[in-house]
Protein chains: 2
Amino acid sequence: MTVIFSKKCEYGLQAVLYLAAKENGDVIPVDEIANKLSIPKEFVSKILQSLTESGIVYSKKGKSGGFALAKAPQKIRLIDIVAAIDGLGMFNSCVLGFPKCSHENPCPLHEKWGTLRSNAYDMLTDETLDQLKAKTLRKIQNL
Amino acid sequence: MTVIFSKKCEYGLQAVLYLAAKENGDVIPVDEIANKLSIPKEFVSKILQSLTESGIVYSKKGKSGGFALAKAPQKIRLIDIVAAIDGLGMFNSCVLGFPKCSHENPCPLHEKWGTLRSNAYDMLTDETLDQLKAKTLRKIQNL
DNA sequence: TTATAATCAGATTATTTTATCTGATTAAAT
DNA sequence: ATTTAATCAGATAAAATAATCTGATTATAA
């Protein structure tokens with residue numbers, strides 16, 4: 001199976017996009033997120049906990065607690081979430097798995113893949129949560 | 001961990017590129033491939049066996065046996081190897097893991113990711129083993 | 001024809017990733 | 001104060017992926 005993001009990262013991105021879409025100051029319980037997005041509750045809970053440590057989301061404990069964004073959606077880029085969960089390894093390791101792949105000692109796909117990868121990186125760096133709010137809202141409606 | 005190709009697929013691509021680079025009619029034993037590429041012998045052996053079933057490589061049993069390409073390197077595209085090992089799932093499933101992601105019901109990244117993904121697909125479809133021979137030879141020297 | 005060197009096939013193990021469970025802690029509301 | 005509804009923390013289980021082991025089969029070459 002070929003994969004881009006791990007399940008953990010997919011879920012994390014979905015959950016944070018969800019928080020951004022419903023952004024209005026107050027926190028959202030994990031139950032709602034898990035139900036709406038059909039993600040195992042304990043799993044997405046763990047992911048949001050770790051994103052709390054990364055400073056991307058804020059958590060409020062106790063009754064009527066839940067999660068919210070830790071900062072303005074304009075300041076959260078998709079790459080931040082990916083970096084926090086999966087790391088940025090895919091953006092600087094060899095697509096063919098060759099060791100010591102570099103400009104000096106390139107693999108057969110080094111240049112061509114490098115271009116594609118850098119486009120992907122740029123996209124994830126350009127996109128912030130606020131820019132995706134409308135599209136996320138529409139998607140959430142149709143789940 | 002974010003991943004593009006599975007380890008199986010990386011190894012498979014490496015091994016087939018190796019066969020193409022050393023192409024001269026006769027078969028190459030798995031031992032040589034595994035040693036040169038630092039891949040566990042039994043593992044790459046299994047992978048090459050499955051690529052034999054897919055019609056991409058040819059295997060010769062018994063003493064002085066080994067593996068070779070099953071057809072001309074001009075006729076083997078990288079996408080064929082990826083399709084045989086990992087499948088083409090990543091090229092038609094949602095990058096964010098949303099269900100029923102489609103043009104009618106797109107995820108927030110549907111268009112932008114679609115473009116990147118389609119570029120990657122085109123690249124893997126354009127590149128054939130013969131085109132990569134020189135670069136592969138150079139890489140193999142420096143392992 | 002026998003020894004040898006290779007693939008083949010299937011089972012097993014190890015590791016990583018994904019998912020679940022249990023109980024503790026926290027804080028709001030009654 | 002007590003109940004309640006939530007996160008938090010750590011252990012455990014399940015599933016998928018990666019790697020290894022064992023022995024059988026095959027075919028070359030002495």
Side-chain angles (χ1 to χ4, degrees), chain A residues 1-16 19 26-35 37-70 82 85-87 89-90 93 97, chain B residues 1-16 19 26-70 82 84-87 89-90 93 97:
Chain A
M1 172 67 79
T2 308
V3 154
I4 298 294
F5 300 130
S6 68
K7 227 81 187 93
K8 215 187 277 190
C9 194
E10 284 182 7
Y11 290 161
L13 286 163
Q14 287 188 24
V16 174
L19 290 179
D26 42 40
V27 301
I28 296 173
V30 165
D31 261 318
E32 175 182 335
I33 302 171
N35 287 333
L37 299 176
S38 307
I39 304 176
K41 181 190 167 184
E42 294 85 1
F43 200 21
V44 74
S45 170
K46 279 256 185 299
I47 295 165
L48 286 169
Q49 277 172 44
S50 89
L51 288 176
T52 301
E53 290 170 13
S54 309
I56 292 170
V57 311
Y58 157 79
S59 90
K60 184 183 178 191
K61 302 179 193 174
K63 188 164 183 176
S64 80
F67 291 93
L69 298 182
V82 172
I85 300 177
D86 273 348
M90 76 163 288
S93 63
Chain B
M1 173 65 82
T2 308
V3 153
I4 299 294
F5 300 129
S6 67
K7 256 330 174 206
K8 215 188 278 190
C9 195
E10 284 182 7
Y11 290 162
L13 286 163
Q14 286 189 25
V16 173
L19 290 179
D26 43 42
V27 301
I28 296 174
V30 165
D31 261 317
E32 175 182 333
I33 302 172
N35 286 334
K36 288 280 170 52
L37 299 176
S38 308
I39 305 176
K41 181 189 167 184
E42 295 84 2
F43 200 21
V44 73
S45 169
K46 278 259 184 297
I47 296 165
L48 287 169
Q49 276 172 45
S50 87
L51 288 176
T52 301
E53 289 171 12
S54 308
I56 292 171
V57 311
Y58 157 79
S59 90
K60 183 184 179 190
K61 301 181 192 173
K63 187 165 182 177
S64 80
F67 291 93
L69 299 182
V82 172
I85 300 178
D86 274 347
M90 76 164 286
S93 63

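Chain naming here is simple, since letters A, B, ... match the order of the sequence lines and numbering starts at 1 in each. Keep in mind the model is a prediction, meaning the values are calculated, not measured.
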Exercise. Expressed in angstrom and rounded to an integer, what is the separation of Phe43(B) atom CZ from dT16(C) atom P?
Worked result: 13 Å

Exercise. Are side-chain heavy atoms of Val16(A) and Val57(A) found at a separation under 4.5 Å?
Worked result: yes

Exercise. What is the 5' to 3' range of DNA chain D, first to last nucleotide, that sits under 4.0 Å from any heavy atom of chain B?
Worked result: dA18(D) to dT28(D)

Problem set entry | Closest non-hydrogen atom pair, Val27(B) against Lys60(B) | CG1-CB, 4.0 Å

Exercise. Should the pair Lys41(B)-Asp31(B) be classified as a salt bridge under the 4.0 Å nitrogen-to-oxygen rule?
Worked result: yes

Exercise. Which whole-number value in Å describes the distance from Gln49(A) CD to dT25(C) C1'?
Worked result: 12 Å

For this session: Decide yes or no on ring pair (Phe, Tyr, Trp, His ring centres under 6.0 Å) for Phe67(A) and Tyr58(A), but give the supporting numbers first.
Result: CA-CA 6 Å; Phe67(A) 291 93; Tyr58(A) 157 79; 8.7 Å; no

Exercise. More 5' along DNA chain D: Lys63(A) or Lys7(B), using each one's nearest nucleotide?
Worked result: Lys63(A)

Problem set entry | Earlier contact from the 5' end, DNA chain D, for Lys46(A) and Gly62(A) | Gly62(A)

For this session: Scan Lys60(A) against the nucleic acid and name what it touches under 4.0 Å (heavy atoms): base, sugar-phosphate only, or nothing.
Result: sugar-phosphate

Exercise. Which part of the nucleic acid, if any, lies within contact of Ser45(B), taking any heavy atom under 4.0 Å across all strands shown: a base, the sugar-phosphate backbone alone, or nothing?
Worked result: nothing

Exercise. At under 4.0 Å between heavy atoms, what does Tyr58(B) touch on the DNA or RNA strands: base, sugar-phosphate, or nothing?
Worked result: nothing

Problem set entry | Distance test, side-chain N/O of Tyr11(A) to OP1/OP2 of dT18(C), below 4.0 Å | no

For this session: List the atom of Ile85(B), the atom of Gly12(B), and the distance in Å for their closest heavy-atom pair.
Result: CD1-CA, 3.9 Å

Exercise. Short question: side chain of Ser38(B), backbone of Ala34(B) - any donor-acceptor pair under 3.5 Å?
Worked result: no

Exercise. Reckon Gly65(B) touches a base, only the sugar-phosphate, or nothing at all at heavy-atom distances under 4.0 Å?
Worked result: sugar-phosphate

Problem set entry | Candidate pair Val82(B) and Cys9(B), rule side chain to side chain contact (heavy atoms under 4.5 Å, CB included), full reasoning | CA-CA 6 Å; Val82(B) 172; Cys9(B) 195; 4.0 Å; yes

Exercise. So what does Thr52(B) touch, heavy atoms closer than 4.0 Å: a base, only the sugar-phosphate, or nothing?
Worked result: nothing

Exercise. Between atom CZ in Phe5(A) and atom P in dT17(C), what is the gap in whole Å?
Worked result: 16 Å

Problem set entry | Most 5' of Pro40(A) and Lys41(B) on DNA chain C, judged by nearest nucleotide | Lys41(B)

Seminar exercise, completed: Separation of dT18(C) atom C1' from Ile85(A) atom CD1, nearest Å, is 14 Å

